[in-house]
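Since the structure is predicted, the reported quantities are computational estimates derived from the model, not experimental observations. Both ligands and their constituent atoms are indexed starting at 1 by order of listing.
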Amino acid sequence: MPEEKKITVIALGGNAILQPGQKGTFQEQLKNVETTCAQLTQMVESGKYKLVITHGNGPQVGNILLQNETAKDVAAPMPLYVCGAESQGLIGFMIQQSLHNLLAGKGRGDIPIATVVTQVVVDETDAAFQNPSKPVGPFYSEEEAKTLASDKGYHVKEDAGRGWRRVVPSPDPKEIFEKDAIRQLIAARSIVIASGGGGIPVIRKNGGLRGVDAVIDKDLAGERLAVDVQAKIFLILTDVDQVKLNYKTPQEKGLSHLTVAEARRYSEEGHFAKGSMEPKVRAAIRFVEAGGEKAIITSLGKAVEALDGKAGTTITKQ
Ligand code: ADP
Ligand code: MG
């Protein structure tokens, strides 16, 4: 009897789609996505995993916002959450096509691949709505920023001496709204791409859903997705091979294994930067506490080795 394939949710970091310093042309992005999909193809070929893919969207949604703003006099600009939906289509399409082409080259063009435009429910009373903190979109001069604040009600903040930016709330993801559709696709052998960019943030209102201008952390949303699809493995792929203690100090030390208790303690001690490594570790802790077998944090290039326990940082309950 062949071993049952393990449902594995893979969260792709920003550099899987766009490298620092690149302009973000379609060709550049597609090439990066192809490199990423080559790794994913190896996982599919091993026959051990059923893939569910999620991804970041920071640079892409930033560009869409800029396009909307620059062209606002000739084409009606869309709300941030609609730009988020657009970015899911853009990135999902690139992954779908690249992965299909690579799998077809290995004789596995029969595997269905689908992107699900995904809404993620957040709580209207989440404290994040009182404290918008996540910078999005282009930089402005102080004057432009203050005009946007008074004309559009944007919250704006000075960003580390680099200029002014719009900031939006970053609430906690509560529910992947399309989870049943996603589960059905997985059951039908599909590779699914879902919850891109942390999902389209929505709140429940009058018995229905309504989009809100916010940004959900993609690793935390990926964790919700992983629990909802009953994944055994949650694999977070970023631009560092391992989680480090004393990061960027002479005492820096890579961690190959962490228990939940250790991860929590190091997090409390401040080893993981807020907004980058801290949410990944938090998502990993949540996943294994919710019954997941293991969470892994590593780089794209080490993904396959890390799944075999030979690289990366693995987080387990004990
Ligand atoms: P992604 O796009 O993959 O989500 P992020 O930039 O959000 O990438 O998070 C990855 C970054 O976290 C790394 O590039 C690294 O600079 C940073 N980081 C902060 N603290 C640590 C740590 N303790 N160990 C490893 N990396 C860390
Ligand atoms: Mg990140």
Side-chain angles (χ1 to χ4, degrees), residues 9-22 24 28-29 32-33 35-36 39-40 53-63 84 87-88 91 94-95 120 128 133-136 159-160 162 167-168 170-173 195-199 201 214-226 234-258 262-287 295-303 306 311-315:
V9 169
I10 303 172
L12 299 173
N15 72 315
I17 310 163
L18 195 59
Q19 307 278 328
Q22 291 183 330
E28 274 172 347
Q29 298 198 55
N32 294 326
V33 169
T35 307
T36 300
Q39 297 288 325
L40 302 181
I53 301 160
T54 188
H55 57 80
N57 71 344
Q60 292 75 22
V61 80
N63 281 347
S87 77
Q88 289 185 347
I91 298 168
M94 290 193 287
I95 298 175
V120 175
S133 60
K134 172 82 184 163
V136 290
D159 188 350
R162 297 184 299 169
V167 287
V168 297
S170 187
D172 208 35
S195 189
V215 168
I216 303 169
D217 181 88
K218 71 113 181 21
D219 297 307
L220 294 175
E223 187 275 334
R224 291 276 1 134
L225 175 66
F234 180 34
L235 176 62
I236 301 178
L237 299 181
T238 182
D239 56 359
V240 286
D241 293 349
Q242 284 188 319
V243 179
K244 311 274 172 61
L245 288 185
N246 303 306
Y247 183 57
K248 291 213 162 143
T249 72
Q251 287 77 41
E252 180 176 299
K253 182 173 168 273
L255 297 162
S256 49
H257 181 254
L258 277 171
E262 287 165 343
R264 194 169 276 134
R265 188 175 81 237
Y266 294 140
S267 194
E268 280 162 9
E269 288 171 5
H271 285 279
F272 315 131
K274 298 256 181 283
S276 59
M277 190 49 76
E278 187 277 332
K280 294 184 200 305
V281 174
R282 187 160 20 129
I285 292 172
R286 282 185 186 176
F287 177 67
I296 302 169
I297 301 173
T298 191
S299 61
L300 187 61
K302 299 271 189 209
T313 302
T314 300
I315 296 110

Are any non-hydrogen side-chain atoms of Ile296 and Ile236 less than 4.5 angstrom apart? no
Distance-only N or O hit between ligand 1 and Lys280, under 3.5 Å: yes
Among all protein heavy atoms in this structure, tell me which lies nearest to atom 26 (N) of ligand 1, with the distance rounded to 0.1 Å. Met277 CE, 3.4 Å
If you measure every N/O of Gly14 against every N/O of ligand 1, is any gap under 3.5 Å? yes
Are side-chain heavy atoms of Val167 and Lys134 found at a separation under 4.5 Å? no
With a 4.5 Å limit on heavy-atom distance, are the side chains of Tyr247 and Val240 in contact? yes
Interatomic distance, Asp217 atom CG to Lys280 atom NZ [nearest 0.5 angstrom]: 7.0 Å
Considering heavy atoms of the protein only, find what lies nearest to atom 15 (C) of ligand 1 and give residue, atom and distance to 0.1 Å. Tyr247 OH, 3.2 Å
Out of Gly13, Pro20, Ser276, Ala273, the nearest non-hydrogen contact to atom 6 (O) of ligand 1 is supplied by Ser276
Decide, yes or no, whether a salt bridge links Arg265 with Glu269 under the criterion of side-chain N to carboxylate O below 4.0 Å. yes
Is there a polar contact between ligand 1 and Thr238, counting only N or O atoms under 3.5 Å apart? yes
Which atoms from ligand 1 have a heavy atom of Gln242 less than 4.0 Å away? 25 (C)
At the 4.0 Å heavy-atom cut-off, does Lys218 count as touching ligand 1? yes
At a 4.0 Å threshold, what atoms of ligand 1 neighbour a non-hydrogen atom of Asp239? 10 (C), 11 (C), 13 (C), 14 (O)
Side chains of Thr36 and Ile17: does their closest heavy-atom pair fall under 4.5 Å? no
When you measure from the side chain of Ser195 to the backbone N and O of Thr54, does any donor-acceptor pair fall under 3.5 Å? no
Within the structure, does Lys244 bring an N/O atom to less than 3.5 angstrom of an N/O atom in ligand 1? yes
